[in-house]
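For reference, the structure discussed in these notes is given below.
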Amino acid sequence: MRSGIRALVPVVILLASLAACTTQSDKADSPTGTIGSLPDAARQIMAKPAYAGARWLYYVADPNTGKAVLANAPDQLVFTGSTAKEFTIGTVYDTLGTETRLTTPVYASAPTVAGTVSGNLVLVASGDLTLGGRGALQGKVDHTFTATSVDHVYGDIAPNTTKVADDPLAGLNDLAHQVAAKGITRIDGDVVIDTRIWETFKGQEGLVPPIFVNDNILDIDVTPGDVGQLASIATTPQTSAFTVESKVTTADTATGLQVAADPNDPRHIVVTGTVAPGKPAATIYRIPDAASWARTLFVEALGRAGVTVAAPALSSNNEAGLPAPTSYPADRQVAAFQSPTMKAFGSMILETSYNTGANAMMCLLAVEAGSTDCTAGLKTIRDEVEMAGLNSNEVVLVDGQGADPASTTPKQMAAWMQWAAGQSWGPDFVAGQPILGVTGSLASSGADSPAKGKVLAKTGTSAAVDPATGRALFNVQSLAGYLVRDNGKNLVFGLSMSGGTYPDVLTGLHDAGDDVAMVAAAIQQAFEK
């Protein structure tokens with residue numbers, strides 16, 4: 001609780017100091033070299049062997065004057081990694097509004113007669129990322145990215161993944177109960193998920209459809225037995241959509257799990273590998289067909305609510321024969337679910353660096369622009385970059401998440417952070433950043449630092465692995481955000497490390513993330529007074 005209170009105080013101070021800022025491009029000089037001197041603590045981090053071949057680029061500015069107080073190579077392009085999500089979320093807040101909510105309706109294709117619909121039941125996807133999960137029934141979008149755990153959206157790469165302690169089927173259950181409350185007891189036709197709001201986008205991390213249930217993830221909990229025995233398996237949500245077989249051996253070795261669908265039966269999931277005795281583990285299976293997944297889960301929810309569906313639960317989603325997307329009669333609507341606010345989604349995406357979620361936000365921007373092609377959302381983001389007064393030639397974006405080769409300069413990134421904080425939605429944008437030692441992807445860094453709670457910034461990572469050695473090259477580890485000072489004269493910054501090398505990816509994820517965060521902490525402390 002103390003950490004949470006401490007985090008709120010600098011956020012309030014920061015917002016007050018940035019509320020009347022002008023854009024950086026209005027007043028800033030244009031340094032091309034080095035300005036100021038780094039604090040010794042930052043220099044010591046940069047001198048580590050991992051960074052012998054790396055370059056450090058940074059730009060720290062006073063948002064009130066637009067002048068740089070510390071800079072090195074601020075006009076050089078460097079990969080953004082996930083700091084590009086700052087552009088996406090800021091544009092969503094400005095274009096859609098922080099308080100906007102999405103509505104997912106359900107329609108009957110025929111009138112209800114004596115409790116029976118002699119036709120289909122159609123759920124029209126809206127792009128809602130949670131559909132009732134993650135605390136959405138309470139208007140929240142919770143996550144589990146903390147100092148000790150990583151949210152389940154990274155469950156296929158992180159060893160300490162944790163799912164949110166909430167029912168991921170809450171929204172579908174709510175919709176099913178609404179259908180039943182209309183007096184409907186039977187659907188003689190099929191259940192269909194209408195996904196035509198946008199064409200499924202192919203993101204770097206996977207597919208981005210407009211329907212999400214449990215992030216389109218099947219969570220798999222693995223419980224070890226005695227050494228030599230097979231581990232047991234449990235899944236969330238519990239559903240007939242898939243069967244899961246354990247071929248995981250309990251062994252005195254490091255835990256390593258692999259998940260794959262049976263080539264002969266895509267509904268049969270096989271988990272292989274090893275798990276250490278006495279150490280339960282978790283992994284995930286990413287659903288390849290989100291619409292059919294949601295359809296099965298909705299049919300099952302209807303059954304729990306007392307509504308019988310003639311069509312089998314285990315069947316592919318069939319959108320053939322649906323009416324025009326905007327032609328559903330209002331009097332045929334039998335249920336609707338409202339999402340949390342864009343502010344709640346945006347904060348979760350920034351804090352956890354949720355790639356699929358950021359790409360879904362880009363898709364929503366495309367829909368707002370009248371397109372079903374998600375890449376049209378990039379045009380809206382580009383327009384926003386121009387409006388903010390940035391040098392558009394120094395901002396390269398390929399999606400909503402910040403996939404390579406998305407690039408910008410530290411100066412342009414700091415300019416965006418400055419401009420965003422000064423907008424009407426700026427307080428929500430600033431408050432939604434990860435906070436050093438407190439929240440999200442910065443929670444595990446700086447817990448004992450005097451800068452704890454005073455660095456509010458989005459993290460970014462781009463890494464590649466040498467297949468022969470397993471060594472990892474970090475193309476970038478970056479931060480973009482705000483430095484809070486006791487005197488109220490706060491700073492905006494962009495910071496990137498490019499070219500660090502590590503023995504493996506997991507070591508790099510820990511060390512690079514912590515080192516870049518602590519460089520930012522050292523800079524904050526150097527300008528504390």
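Note that these values count all heavy atoms, side chains included, but never hydrogens, waters or copies made by symmetry.
Taking every heavy atom of both residues into account, Val367 and Ile197 meet most closely at CG2-O, 3.4 Å. Nearest heavy atom pair, residue Ala71 against residue Tyr59, reads CB-CD1, 4.0 Å. Scanning all heavy atoms of the two residues, the minimum distance from Thr103 to Ser126 falls at O-CB, 3.3 Å. The shortest non-hydrogen separation linking Val213 to Ala294 is CG2-CB, 4.0 Å. Across all their heavy atoms, Tyr354 and Tyr154 have their closest contact at N-OH, 4.5 Å. Across all their heavy atoms, Ala521 and Ala451 have their closest contact at CB-CB, 3.7 Å.
A side-chain donor-acceptor contact under 3.5 Å links Ser392 and Arg382. For the residue pair Thr34 / Asn72, a side-chain donor-acceptor distance below 3.5 Å is found, with atom types taken as modelled. In this structure, a donor-acceptor pair under 3.5 Å is absent between the side chains of Ser149 and Thr144.
Here the CD atom belonging to Gln412 is positioned 13.0 Å from the OG atom belonging to Ser407, to the nearest 0.5 angstrom. Residue Thr91 holds its OG1 atom at 9.0 Å from CD1 of Ile89, rounded to the nearest 0.5 Å. In this structure, the separation between CG on Leu365 and OG1 on Thr375 is 12.0 Å, given to the nearest 0.5 Å. The OG1 atom of Thr283 sits 12.0 Å away from the OH atom of Tyr285 when rounded to the nearest 0.5 Å. Here Asp142 contributes atom CG and Thr130 contributes atom OG1; the two are 10.0 Å apart, rounded to the nearest 0.5 Å. If you take CG on Leu483 and CD1 on Ile523, they are separated by 7.0 Å, rounding to the nearest 0.5 Å.
A donor-acceptor contact shorter than 3.5 Å links the side chain of Trp198 to the backbone of Val208. Checked by atom type and distance alone, the side chain of Asn359 pairs as donor or acceptor with a backbone atom of Gln401 at under 3.5 Å. Looking only at distances, no side-chain donor or acceptor of Thr461 sits under 3.5 Å from a matching main-chain atom of Gln477. In this structure, the side chain of Ser498 engages the main chain of Asn475 through a donor-acceptor pair within 3.5 Å. Although no hydrogens or angles enter the test, the distance criterion places no donor-acceptor pair under 3.5 Å between the side chain of Ser347 and the main chain of Ala344. Proximity of a side-chain donor or acceptor of Thr469 to a complementary backbone N or O of Arg471 within less than 3.5 Å is detected. For the pair Gln524 (side chain) and Arg485 (backbone), a donor-acceptor distance under 3.5 Å is absent. Using modelled atom types, one side-chain atom of Asp399 and one backbone atom of Gly402 make a donor-acceptor pair closer than 3.5 Å. Although no hydrogens or angles enter the test, the distance criterion places a donor-acceptor pair under 3.5 Å between the side chain of Asn490 and the main chain of Gly488. Checking side-chain atoms of Asp504 against main-chain N and O of Leu506 turns up a donor-acceptor pair under 3.5 Å.
Qualifying side-chain hydrogen bond (donor to acceptor under 3.5 Å, both in side chains) partners for Thr200, counting only residues two or more places apart in sequence or in other chains: none. For Phe87, the ring-ring contact (aromatic ring centres under 6.0 Å, His included) criterion is met by Trp416, not counting sequence neighbours.
For the pair Leu102/Met342, a side-chain contact is recorded, criterion being any heavy-atom separation below 4.5 Å from C-beta on. Leu436 has its side chain within reach of Ser445: a pair of non-hydrogen atoms, C-beta onward, lies under 4.5 Å apart. Using a 4.5 Å heavy-atom cutoff, the side chains of Ile287 and Leu218 are in contact. At least one side-chain heavy atom of Met362 sits less than 4.5 Å from a side-chain heavy atom of Leu378. The side-chain heavy atoms of His152 and Val164, taken from C-beta on, include no pair separated by under 4.5 Å. Residues Glu351 and Phe145 form no side-chain contact, since every pair of their non-hydrogen atoms from C-beta on lies 4.5 Å or further apart. No side-chain heavy atom of Ile284 sits less than 4.5 Å from a side-chain heavy atom of Ile220. The side-chain heavy atoms of Leu364 and Val92, taken from C-beta on, include no pair separated by under 4.5 Å.
The residues Lys411 and Glu394 are annotated as not salt-bridged, no charged nitrogen and carboxylate oxygen being separated by less than 4.0 angstrom. Using a 4.0 Å cut-off between charged side-chain N and carboxylate O, Arg286 and Asp156 make a salt bridge. Residues Arg134 and Asp151 are paired through a salt bridge, judged by an N-O separation under 4.0 Å between the basic side chain and the carboxylate. Using a 4.0 Å cut-off between charged side-chain N and carboxylate O, Lys452 and Asp448 make no salt bridge.
Pairs passing the salt bridge (charged side-chain N to carboxylate O under 4.0 Å, His left out) check and including a residue from residues 41-58, sequence neighbours excluded, read Lys48-Asp515. Applying the disulfide (SG to SG under 2.5 Å) test to every pair with at least one member in residues 350-457, sequence neighbours left out, gives these pairs: Cys363-Cys374. The salt bridge (charged side-chain N to carboxylate O under 4.0 Å, His left out) pairs that include a residue from residues 76-103 are Glu99-Lys343, where partners are two or more places apart or lie in different chains. For residues 443-486, the set of pairs meeting the disulfide (SG to SG under 2.5 Å) definition, not counting sequence neighbours, is empty.
Residues Tyr502 and Phe474 bring their aromatic ring centres within 6.0 Å.
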Check: How far apart are the C-alpha atoms of Ser496 and Val476, what are their side-chain angles, what is the distance that settles it, and do they pass the side-chain contact (heavy atoms from CB on, under 4.5 Å) test?
Finding: CA-CA 6 Å; Ser496 295; Val476 78; 4.0 Å; yes

Item checked: Audit row: Trp56, Leu38, side-chain contact (heavy atoms from CB on, under 4.5 Å) steps and yes/no -> CA-CA 11 Å; Trp56 291 80; Leu38 281 170; over 6 Å; no

Next item on the list: Could you please spell out the steps behind the salt bridge (Lys or Arg N to Asp or Glu O under 4.0 Å) verdict for Lys454 and Asp486?
Entry: CA-CA 9 Å; Lys454 296 184 177 182; Asp486 286 344; 3.0 Å; yes

Next item on the list: Check the pair Ser353, Lys458 against side-chain contact (heavy atoms from CB on, under 4.5 Å), reporting the backbone distance first and the verdict last.
Entry: CA-CA 8 Å; Ser353 204; Lys458 178 72 194 76; 2.9 Å; yes

Next item on the list: Test side-chain contact (heavy atoms from CB on, under 4.5 Å) on Met46 and Val519 and set out the steps.
Entry: CA-CA 8 Å; Met46 294 177 180; Val519 166; 3.9 Å; yes

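Tested against Leu456, the residues Leu479, Ile435, Val438 include a single side-chain contact (heavy atoms from CB on, under 4.5 Å) partner, Ile435.
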